[in-house]
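Read through the structure below, which is laid out as structure tokens, and then see the notes.
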Amino acid sequence: MTDWIQRWKDGKIGWHRDQVNSKLIEFIDCLQLNRGDTVFVPLCGKSADMIYLLEQGFKVIGVELSQLAIEQFFDENNLTYTACQLDRLTAYQGKNIALYCGDYFALDHSVLKSVSAVYDRAALIALPIDLRAKYVQHLYSIISKDCRVLLLTLNYPQSQMGGPPFAVNKDEVVSLFSKGFECQQLQCFNDIKNEPKFLRAGVEFIEKATYCLRKTGE
Ligand SMILES: C[S@@+](CC[C@H](N)C(=O)[O-])C[C@H]1O[C@@H](n2cnc3c(N)ncnc32)[C@H](O)[C@@H]1O
């Protein structure tokens, strides 16, 4: 089991990118957002993608285990915040952004009822297989009907390298979201030439896929 809090303390955050993810920019329209809408970013780290969402005029709600990650996010982006201890989470509130420090599974619908869309980059694929089904079931229970999800995944021969990030193929995505979601794969391509860590480990391919989902159930 990954000790995420320790990884943040040790600065072992190889997934973090200072640049905005190009797939968010390319596919954000599938979320059908209007200015002022709220986007939920699960397992948010200190992602620069949240700054992009704010710059587009959206509000952001994130959840992240590591207090260090949240404080770095606000400090590195020169954003001010107030912190408020809730029952099982601490809410860090900035202008148009609220980051909840604690366990994703402690979030409930009351916090996310205003959310129009979810942006998942390196959240589902950060979790081992047994937690992935739990993650999707919980997502279903905390977001509202018609909420859209932009999901980015990776797939590679898991036998050639261990996770995280874990390999999640299309069959698994379809199966995970089969109850209560519509699911459309928008793109999938092999990007092994741009993944030196995987190349060095002898991994044969790494497919990067983008999905747009919509919660159809109540
Ligand atoms: C691979 S990182 C991705 C971060 C971010 N989505 C990004 O794209 O940079 C996964 C993050 O999830 C956080 N995390 C892991 N399990 C969590 C949980 N149960 N609840 C909240 N955050 C969690 C970790 O601390 C880590 O920052």
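Because the structure is predicted, anything quoted here is derived from the model rather than measured. When a ligand or atom number is given, it counts from 1 through the structure's own listing order.
When each atom of ligand 1 is checked for a heavy atom of W8 under 4.0 Å away, the hits are 25 (O), 26 (C), 27 (O). Residue contact check: G102 has heavy atoms under 4.0 Å from atoms 20 (N), 21 (C) of ligand 1.
Taking 4.5 Å as the limit, some side-chain heavy atom of T2 sits within range of a side-chain heavy atom of R7.
Closest to atom 4 (C) of ligand 1, if we only count protein heavy atoms, is L43 O, 3.3 Å. In this structure, atom 8 (O) of ligand 1 lies nearest to the protein heavy atom R121 NH1, 2.8 Å. The shortest contact between atom 25 (O) of ligand 1 and any protein heavy atom is with E64 OE2, 2.6 Å. Scanning the protein for heavy atoms near atom 19 (N) of ligand 1, the closest one is D103 OD1, 2.9 Å. Regarding atom 3 (C) of ligand 1, its nearest protein heavy-atom neighbour is A122 O, 3.3 Å.
More than 12 heavy atoms of other residues, nucleotides or ligands shown are found within 6.0 angstrom of NZ on K215.
Only the backbone of C44 comes within contact range of ligand 1, with a heavy atom under 4.0 Å; no side-chain atom does.
A donor atom on one side chain and an acceptor atom on the other are not found under 3.5 Å apart for Q137 and Y135. Side-chain atoms of Y81 and Q93 include no donor-acceptor pair closer than 3.5 Å.
Relative orientation of the Y156 and F198 rings is perpendicular, given thresholds of 30° and 60° on the angle between their planes.
Between the choices F105, W15, Y104, Y135, the shortest heavy-atom distance to atom 2 (S) of ligand 1 belongs to W15.
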